[in-house]
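The model shown is predicted, which means the values in this text are computed figures rather than measured ones.
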Amino acid sequence: MAAELLFTAGDLARMRFAVSPMWEVGPSLRLLGSGLPHAVHRPWAEQVRPRLAALGPASGLLAELVPPTGYVPDFINPAPAGPAPTLAEELAAIRATPAGQVRRDLDRLAAEQGRLGTRLRALHADPAAGLAQVTEAVEAYWELALAPYWARIRAVLDADVLHRARQAAEYGAERVLNDLHAELRWTEDTLRLRHRTRPLPRRAAGAGLLLIPSAFTGPGLYTRLGRQDPSGSQDPSGRRDPSGSQDPPQLAYPARGIGGLWAAAASAPGTEALAAVLGRSRALLLSELAAPASTTELARRTGLSPSAVSQYLTALRDARLVSAHRAGRWVLYARTASAEALLAPLGP
């Protein structure tokens, strides 16, 4: 079985990427709640689980809101307004969720789970007060579980977006969509999601498509169709008015490079040979740029100070061996074709 999302030229033109803190909050909570070891995130989980007791009652609210399996209320994943919203911006959007939307999402959760827990029943009765408690709980969880690691996670997510942007520039949107995940296939004007049982009617979502790389989604895909337009306005074809308040559908997928997210720095192959020409530190940085990375991430991996990394990257950029690319608030560095040619003979 597969679900299908239809596209017009306008929808394709509005397709964009975004990095979302809340798309890390929900999946990471689910991973921790499972209590199971994880092949990639085990080092992170072993550090974070002992801290969760400090959350107090907030832990129970979050556990009800993000159950171990199945549906998670749509209102905790508001559509990012830009390419890289802050957590504070997303929490403000959650607090602004209309009461009717909160209750509809909770009714669906109750139907799938069999019942709502005590805390979510209180949220259903008084959404305004309940959403304030939800965002406070999320913020407390973020500070304990994700904020200390956000620079590292963000570097992986930004590198993924940069890679997809290059794909789109060189090969077009079709290549991007078909390369995103094994469960996705783009043909003509339709995006097909294999093994999804719920439909993806375009009339139930806004125009375009939001593609969101995530570190914690696991091997699968997460989808969110979007907040319903309270006006219910439609054009003559039955499509909702794209100028209305409806969110575009969101698709969260596993980012590239997650496998090395928590790995300790290892000796880079070819460093010794390059060091004779470029110097040891510059050669090490070049070898670490197999995937685009920020100054902060390179400093963490190599043990060099951020100021030294910045100095060496400037020299490599002047030599046209690296290029710099702004991704939101970050600058990612990548090897140029000249650097790739230089490193190619040194590979296995």
Check: [X] side chain, [Y] main-chain N or O, donor-acceptor pair, under 3.5 Å:
X	Y	value
Glu90	Met22	yes
Arg192	Glu4	no
His181	Pro219	yes
Asp105	Phe75	yes
Arg256	Leu157	no
Glu288	Leu298	no

Requested in this report: Over all heavy atoms of both residues, which pair between Leu286 and Ala339 is shortest? Give the atoms and the distance, please.
Outcome: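 Closest approach of Leu286 to Ala339, heavy atoms only: CD2-CB, 4.0 Å.
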Query raised in the report: Taking all atoms of both residues into account, what is the closest heavy-atom pair of Pro213 and Ala18, and its distance?
Result: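 Taking every non-hydrogen atom into account, CD-O, 3.3 Å.
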Any heavy-atom pair between the side chains of [Y] and [X] that's under 4.5 Å?
X	Y	answer
Val48	Leu32	yes
Leu191	Leu177	yes
Leu109	Pro73	yes
Asp160	Val156	no
His38	Leu31	yes

Report task. With sequence neighbours excluded, tell me which residues meet ring pair (Phe, Tyr, Trp, His ring centres under 6.0 Å) with Phe216. Result ->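 Phe216: ring pair (Phe, Tyr, Trp, His ring centres under 6.0 Å) contacts with His41, Trp44.
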Roughly how far, to the nearest 0.5 Å, is [atom2] of [Y] from [atom1] of [X]?
X	Y	atom1	atom2	answer
Leu289	Arg335	CG	CZ	6.5 Å
Asp11	Leu6	CG	CG	9.0 Å
Arg103	Leu123	CZ	CG	9.0 Å
Leu146	Leu87	CG	CG	9.0 Å
Arg154	Thr296	CZ	OG1	11.5 Å
Phe7	Leu209	CZ	CG	4.5 Å

Quick one: salt bridge (Lys or Arg N to Asp or Glu O under 4.0 Å) pairs with a partner in [range], sequence neighbours left out?
range	answer
residues 114-123	Glu64-Arg119
residues 76-88	none
residues 21-42	Arg42-Glu46
residues 48-58	none

Donor-acceptor pairs are to be reported for all side-chain atoms of residues 131-143 against protein atoms at under 3.5 Å, with residues two or more places apart or in another chain.
{"from": "Thr135", "atom 1": "OG1", "to": "Arg95", "atom 2": "NH1", "distance (Å)": "3.4"}
{"from": "Thr135", "atom 1": "OG1", "to": "Leu131", "atom 2": "O", "distance (Å)": "3.1"}
{"from": "Thr135", "atom 1": "OG1", "to": "Ala132", "atom 2": "O", "distance (Å)": "3.0"}
{"from": "Tyr141", "atom 1": "OH", "to": "Ser28", "atom 2": "OG", "distance (Å)": "2.7"}

When hydrophobic residues are tied together by side-chain contacts of less than 4.5 Å, even through go-betweens, does [X] share a cluster with [Y]?
X	Y	result
Leu285	Val277	yes
Phe17	Trp150	yes
Leu180	Leu210	no

When the side chains of residues 303-318 are checked against the rest of the protein, which donor-acceptor pairs come out under 3.5 Å, sequence neighbours left out?
{"from": "Ser305", "atom 1": "OG", "to": "Ser307", "atom 2": "OG", "distance (Å)": "3.2"}
{"from": "Ser305", "atom 1": "OG", "to": "Ala308", "atom 2": "N", "distance (Å)": "3.1"}
{"from": "Thr314", "atom 1": "OG1", "to": "Ser310", "atom 2": "O", "distance (Å)": "2.9"}

Query - Under 4.5 Å side-chain linkage, directly or through intermediates, the cluster mates of Tyr222 - result: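 Result for Tyr222 is Trp23, Ile212.
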So, using side-chain contact (heavy atoms from CB on, under 4.5 Å) as the criterion, who are the partners of [X] when residues are at least two apart?
X	value
Gln167	His163, Arg164, Arg175, Val176, Asp179
Pro68	none
Ala122	none

Query raised in the report: Under a 4.0 Å N-O cut-off, is there an ion pair linking Glu112 with Arg108?
Result: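 Judged by the 4.0 Å cut-off on N to carboxylate O distance, Glu112 and Arg108 do form a salt bridge.
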Requested in this report: Establish, from distance only, whether the side-chain atoms of Tyr71 and Gln113 form a donor-acceptor pair under 3.5 Å.
Outcome: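 Note: Tyr71 and Gln113 side chains miss the donor-acceptor criterion.
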Query raised in the report: Partners of Ser59 by side-chain hydrogen bond (donor to acceptor under 3.5 Å, both in side chains), sequence neighbours excluded?
Result: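 side-chain hydrogen bond (donor to acceptor under 3.5 Å, both in side chains) list for Ser59, sorted by chain: empty.
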Report task. State which residue, out of Leu221, Leu5, Asn178, fulfils the side chain to side chain contact (heavy atoms under 4.5 Å, CB included) condition with Leu184. Result ->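 Among Leu221, Leu5, Asn178, the one that satisfies the side chain to side chain contact (heavy atoms under 4.5 Å, CB included) with Leu184 is Leu221.
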